[in-house]
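To find a chain, count down the sequence lines: A is the first, B the second, and so on, and within it residues start at 1.
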Number of protein chains: 2
Amino acid sequence: MMQIFIVDDHYMVIEGIRSLLHAESGMEYIGHAVDGASCMAFLEENQPNIILMDINLPDTSGIDLCKIVKKQYPSICVLALSTYSQLPVVRNMLANGASGYLLKNASGEEILEAIHIVKAGGEYLCMEMAEALKLPQNTEPLITRREKEVLLLICDGFTNPEIAEKLFVSLPTINTHRKSLLAKLKAKNVAALVKIAIQNGIV
Amino acid sequence: MMQIFIVDDHYMVIEGIRSLLHAESGMEYIGHAVDGASCMAFLEENQPNIILMDINLPDTSGIDLCKIVKKQYPSICVLALSTYSQLPVVRNMLANGASGYLLKNASGEEILEAIHIVKAGGEYLCMEMAEALKLPQNTEPLITRREKEVLLLICDGFTNPEIAEKLFVSLPTINTHRKSLLAKLKAKNVAALVKIAIQNGIV
DNA sequence: AAATCAATCGTCCAAACAGATGATTTTTAG
DNA sequence: CTAAAAATCATCTGTTTGGACGATTGATTT
C-alpha cells in the first residue's frame, strides 16, 4: 500500500486528488497540509511514501520545503505540483530532490502514472517540462540569495541608501548588488529590472 | 435540483468540485469544459443553473467568457473562480454579470454557501475581495492617455530623454508626466511605480 | 463664456543611479 | 583543503531622477 500525503493550499485541488486516489487501489491518501509548517508537523508523526507538493504555499515555497523534507526524510519521494511552468522553478525543485514535476492541468491518468513511476524510484516530468529542459541550457542567469533580497527591496521602492541601512551594509555594497542584478537580468535600469523580476516570478 | 457546470482547465479542480457536489443533495454536476469554446458548445445543448468559471482559460479569459455567456443566456448564474485576487479583475467580472467571486483556496463549505446564495439570486464575494471592494472607491486616480503612454515606456526601461524623443516632446514634459504618475499611483520612485502598474494590470 | 483639465514647456538643484575598476573577506562546494 | 563564488567595501564620474516652483495652450464640459 502506497501512502500519499498532499501539501497544497487549495481545497479543491486536495479534494480532487483525494477523490482520484480513492478510486485507485493500492494508493492511500493519509492526509494533507495547507502550508510548510503543518506539513513538517505531520511528518514528525507519519512518513508517507510520496508527497504531492504544491510550489506556491502561504508560508514558504515548495522549493524550500522540498529541500528540508528530503534532508530529514530522504526516503520520501516528492512530486511537485504547480500551475507555473517556469524552467528555473523546475530545475530548483529537481535540484532539491524532487522526483517529478506535474502541471496542475494534468489528467487523472497522468497523475497516477507519475505516482507509480516515482514510487518505483523513477523520475516523472510532464511533457512540457521535459521538452523545455532539453532546450539550450540557459543555466547561468542565477541570482544569489543576497541579490534576491536586494531585488525584493528595490521592487518595494526602497532606494539604495535605505536598503543599505536595512541590511546593515554599506551603500557601495548595495550598489554592487544592484549592478549585478541589472547585468544578470539584462535590465537597462530599475524600471526594466522590476518588470523582469515580476514577470519572471522572482517577486 | 440545481444543475452545475464547471469551466476550468485544471483537472484536479474539476475533480475536487465534482466530488464536493456529489456529496451534496440538491446539486447536480452536469459536466465541465476546459476552455471557452467547448463551454459555449456545451451551452448550446444544455443550460445549467450555475457555471463555476475559472478566470484563466487556455483560449480566452473568464472575463470575456462571462460576458458572452450572460448575453446569450442571461438566466445562467456565473460564479467566478480564481487564484488571482486583483481588484480590477474582480470588478470586471462583476461588471460582466458574474454573481460572485471565489478564490481557489476556498473551503468546501464556502463553495457550497456561495452556490446557494448565487442560486437564490444573491451575490457572493469571498472575504478578501469583499473587504477590498469596500475600500476607498478609487474612481478618480485615473491616469490620462498620455500618462499611460509614458508609463508603458517607463516600464519597458526607457529613460526620460529616450521617451521624450520617442514621443516628440521635450524632456520637461516627460518629467511632468512622470511626476504625475508617481503622485497619482502613490509611488516613491520608478521601481515602485512599475510594480504598482504591473500589479494593477495597467501594464 | 467660464471653468476645468490635459498636455506642453521651462528653471533650479540635490539626491540617486549606473558605469568602470579594483580589492578584501567570507562562504560554499568540489 | 583549496578553488570558486558570494558578499563585502571603495573611489571616481557622468547621467538620470525627482522635488519645488511656475506658466501657456488647447480641448472638453458645464
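Listed by chain and number, the residues in a salt bridge (Lys or Arg N to Asp or Glu O under 4.0 Å) with A/Asp64 amount to none (sequence neighbours excluded). Under the salt bridge (Lys or Arg N to Asp or Glu O under 4.0 Å) criterion, B/Lys104 pairs with B/Asp8, B/Asp54, not counting sequence neighbours. The salt bridge (Lys or Arg N to Asp or Glu O under 4.0 Å) check on A/Asp59 picks up nothing, with sequence neighbours excluded. Legend: residues meeting side-chain hydrogen bond (donor to acceptor under 3.5 Å, both in side chains) with B/Asn56, ordered by chain and number and at least two apart, are absent. Residues meeting the side chain to side chain contact (heavy atoms under 4.5 Å, CB included) test with A/Leu167, sequence neighbours left out: A/Arg146, A/Glu149, A/Val150, A/Leu153, A/Ile163, A/Val169, A/Ile174. Not counting sequence neighbours, the partners of A/Glu162 by the salt bridge (Lys or Arg N to Asp or Glu O under 4.0 Å) test are B/Lys188.
Taking the C1' atoms of five terminal pairs at each end of the helix from C/dA1-D/dT30 to C/dG30-D/dC1, the two resulting helix axes are inclined by 70°, rounded to 10°.
Of the residues in residues 169-177 of chain A, those lying under 4.0 Å from DNA chain D by heavy-atom distance are A/Val169, A/Ser170, A/Pro172, A/Thr173, A/Thr176, A/His177.
The nearest heavy atom of DNA chain C to A/Pro161 and to B/Thr144 marks one nucleotide each, and the one closer to the 5' end goes with B/Thr144.
Regarding B/Ile143, its CD1 atom lies at a distance of 13 Å from the C1' atom of C/dA6, rounded to whole Å. Look at NZ on A/Lys184: it is 16 Å from P on C/dG19, rounded to the nearest Å. In this structure, B/Asn189 atom CG and C/dA18 atom C1' are separated by 15 Å, rounded to whole Å. Atom CG of A/Leu181 is separated from atom C1' of C/dG19 by 15 Å (rounded to the nearest Å).
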Distances under 3.5 Å only, N/O to N/O: pair up the protein atoms with those of nucleotides 28-30 of chain C.
none

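Residues A/Thr83 and B/Thr83 fail the side-chain proximity criterion, which asks for heavy atoms closer than 4.5 Å. In this structure, the side chains of A/Gln47 and A/Phe42 stay at 4.5 Å or more apart for every pair of heavy atoms.
Listed by first and then second residue, the salt bridge (Lys or Arg N to Asp or Glu O under 4.0 Å) pairs involving residues 11-22 of chain B are B/Glu15-B/Arg18 (not counting sequence neighbours).
Within 6.0 Å of CD on B/Glu128 lie more than 12 heavy atoms contributed by other residues, nucleotides or ligands. Taking a 6.0 Å sphere around NZ of A/Lys67, one finds it holds 12 or fewer heavy atoms contributed by other residues, nucleotides or ligands.
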Result block: side-chain N/O donor-acceptor pairs under 3.5 angstrom for residues 111-127 of chain B, not counting sequence neighbours:
residue, atom, partner, partner atom, Å
B/His116, ND1, B/Leu112, O, 3.2
B/Tyr124, OH, B/Glu110, OE2, 3.0

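One finds the CZ atom of A/Phe5 at 14.0 Å from the CD1 atom of A/Ile50 (value rounded to the nearest 0.5 Å).
With distances taken from any side-chain atom of A/Lys179 to the nucleotides C/dA16, C/dG19, C/dA7, the minimum falls on C/dG19.
The span of DNA chain D lying next to chain B, judged by atoms under 4.0 Å from heavy atoms, is bounded 5' to 3' by D/dT17 to D/dA20.
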